[in-house]
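Take a look at the structure set out below.
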Amino acid sequence: MSAYDRRGLVEFAKLVAECGYDIVSTGGTAAELKANGIDVVEVSELTGAPEILDGRVKTLHPKIHGGLLALRDNEDHQRQLEHLGIREIDLVVNNLYPFVETVRSPETSLSDALENIDIGGPAMTRAAAKNHPNVVIVVDPADYEQVGRMIRDGAVAQSERRRLAAKAFQHVAAYDTAIATYLREGTDTGSGEDTGPELPTELTFGYSLVASPRYGENPHQSAGIYSLPGEDGGVVNAEQLHGIDMSYLNYFDADAAWAVARSFSGLGPHAAVVVKHANPCGLAVREDQTDAWEAARSGDPVSAFGGIVAFSECLSAETAERMHGLLLDVVVAPDYDDEALEILRKRRRTRVLRVHEHHEARWEVRSVSGGALVQEPDHLADDGSQTMRVVTERQPSDYEQIDLWFAWRACRFIKSNAIVFTKDRTLVGMGAGQPNRVTSVHLSARVAEDRAEGAVMASDAFIPFPDAVEVAAEAGVKAVVQPGGSVNDDAVIAAANELGVAMVFAGKRHFYH
């Protein structure tokens, strides 16, 4: 027994001892067991070798690994054990040094991180798991009760041994992943070029289960919610302050809403967003939070019903009161006034999440048949002023420039083909996920109605034909931002000039599938 996480260990050790086992242990684990009246053989007693190198070497010894790896039905193995005086080890309880907890602090030095890389523990765990038909390996305190019951009944079933072995190998794999991630993120390729993070030839993630919703997207699909090692923030690790249990899609949509709120938090004191099916259908930035909410809700009042809402700042009581009467699935914010929380707690079903700041994702991962697609996230850190250029005769007004930039940032979060209409830093129309771009323009215009008059339009990818500009201008749009780069750019620009629409090329595309 050698465990950093000692929850329930004393009780389990007592049960094991009562069943006739001798217990071998190391360092702090041995001290705790002895303090609770349990007889323990120190590793150094068993091996006849002292711990050396400040404890770096203690279990790496033939009398440990021989006892773990010997096959019980192999006569040659048994003769070697007898000749060398090695006892069989039938059960290992082990979990590892707190590497993730150590490196969570930004003040952690490289030497401190390296000292918290466990060597003997993973070796011992892997040896036990390899020989699981003969050795029971337990890495999770949650398994003590079931394993203890089987030991007391006389045998741990082979199916259980195999399950525990798989869990042990996964435990070590997640641990090694956390170490690799830490070391990789501190590595400079030395190229001097801004090529983005280097894609490793082998990639694991080390996720840990944090929640099990009743089902996935549909009732016939099972699902789990996992957290990255060392990550305390983000929607996955949010504090649920009120409401019924989160579903799989609640997490998905809440994350989409939080991503938009965070992205717009620097544009003004308050950003508010409404999301349906992972697409923002309402979005506004205002000096006053309540005004931001009212403007965001007005973007698409019909779709706001049953939506997920997020705020960039602490939610005020006044804003919470203004949300009265609208069915909401989830409310997301970095914090809540006490009075605002009391108001929201009057809603029986609405989930209320307090989301803490989190690290920017290093990779985006999507599963496909046979593997996964991995890419660097599409960060939109600047305002586009370095790349945007006016390509039409008419220059956008100062007012239009503000809305163009707002629209350009907003379309980053909407599924392609994405078109957004914005006016006064408010999303007034949106078309998403259409197989052709002009259909998305029609949808945006239909949602915006008379609010399209004087609005601006953003397109996440180049506009391939003049028809999209013509439909937008007919609805009342006065300025357009798009990446440019189509073979028909000249025709599209000519149409904009003829219609008196200002057009800006951003020079970047923001597909979001």
Side-chain angles (χ1 to χ4, degrees), residues 259-274 280-300 310-313 378-414 418-431 441 444-445 447-461 463 468-469 472-473 475-484 493 496-497 499-510:
V260 178
R262 287 182 78 229
S263 177
F264 281 83
S265 62
L267 307 189
H270 296 282
V273 58
V274 183
C281 60
L283 170 64
V285 172
R286 292 289 187 276
E287 301 303 309
D288 177 79
Q289 186 182 72
T290 304
D291 290 345
W293 160 247
E294 295 288 4
R297 179 179 179 175
S298 72
D300 189 345
F311 298 89
S312 62
E313 310 299 328
D378 181 12
H379 297 301
L380 188 63
D382 61 78
D383 62 4
S385 60
Q386 302 301 314
T387 57
M388 287 188 178
R389 61 186 179 92
V390 180
V391 295
T392 49
E393 296 166 1
R394 187 172 87 78
Q395 298 278 324
S397 68
D398 291 345
Y399 181 84
E400 288 169 344
Q401 286 179 342
I402 293 172
D403 272 347
L404 283 168
W405 175 69
F406 182 92
W408 180 240
R409 182 170 287 261
C411 76
R412 154 70 182 85
F413 298 97
I414 294 171
I419 293 289
V420 298
F421 287 11
T422 67
K423 187 175 183 180
D424 189 23
R425 295 184 300 170
T426 301
L427 180 66
V428 297
M430 180 269 286
V441 180
S444 296
V447 172
E449 295 181 327
D450 59 356
R451 293 173 299 172
E453 184 61 43
V456 307
M457 180 180 87
S459 173
D460 64 344
I463 296 175
V469 179
V477 167
K478 301 302 182 184
V480 174
V481 58
Q482 59 138 322
I493 294 169
N497 283 328
L499 295 165
V501 173
M503 182 171 289
V504 174
F505 279 8
K508 291 182 180 179
R509 185 184 77 184
H510 287 294

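Residues: numbered from 1 along the sequence shown.
With sequence neighbours excluded, no residue satisfies side-chain hydrogen bond (donor to acceptor under 3.5 Å, both in side chains) with Q482. The salt bridge (charged side-chain N to carboxylate O under 4.0 Å, His left out) check on E453 picks up K478, with sequence neighbours excluded. For E294, the side-chain hydrogen bond (donor to acceptor under 3.5 Å, both in side chains) test picks out R322, with sequence neighbours left out. T392 is linked by a side-chain hydrogen bond (donor to acceptor under 3.5 Å, both in side chains) to nothing, counting only residues two or more places apart in sequence or in another chain. Residues meeting the salt bridge (charged side-chain N to carboxylate O under 4.0 Å, His left out) test with R262, sequence neighbours left out: E357, E360. Residues meeting the salt bridge (charged side-chain N to carboxylate O under 4.0 Å, His left out) test with D291, sequence neighbours left out: none.
A donor-acceptor pair under 3.5 Å links the side-chain atoms of S312 to the main chain of A271, judged by distance alone. Using a distance-only test at 3.5 Å, with no hydrogens or angles considered, no donor-acceptor pair links the side chain of R425 to the main chain of F406. With hydrogens and angles disregarded, no donor-acceptor distance shorter than 3.5 Å links the side chain of R286 to the backbone of T426.
With values rounded to the nearest 0.5 angstrom, M388 atom CE is found 6.5 Å from W408 atom CH2. Put simply, CD on Q395 and CE on M503 are 13.5 Å apart, with the number rounded to the nearest 0.5 Å. Rounding to the nearest 0.5 Å places OG1 of T422 at 13.5 Å from CE of M430.
If you run side chain to side chain contact (heavy atoms under 4.5 Å, CB included) between V420 and each of V456, D460, I414, only I414 comes through. Considering V274, D300, V273, L283 in turn, L283 is the only one that fulfils the side chain to side chain contact (heavy atoms under 4.5 Å, CB included) rule with L427.
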Salt bridge (Lys or Arg N to Asp or Glu O under 4.0 Å) between R509 and D378, worked out: CA-CA 10 Å; R509 185 184 77 184; D378 181 12; over 6 Å; no

Could you walk me through whether Q401 and D398 pass side chain to side chain contact (heavy atoms under 4.5 Å, CB included), step by step? CA-CA 5 Å; Q401 286 179 342; D398 291 345; 3.8 Å; yes

Step-by-step side chain to side chain contact (heavy atoms under 4.5 Å, CB included) determination, I493 to F505: CA-CA 10 Å; I493 294 169; F505 279 8; 3.9 Å; yes

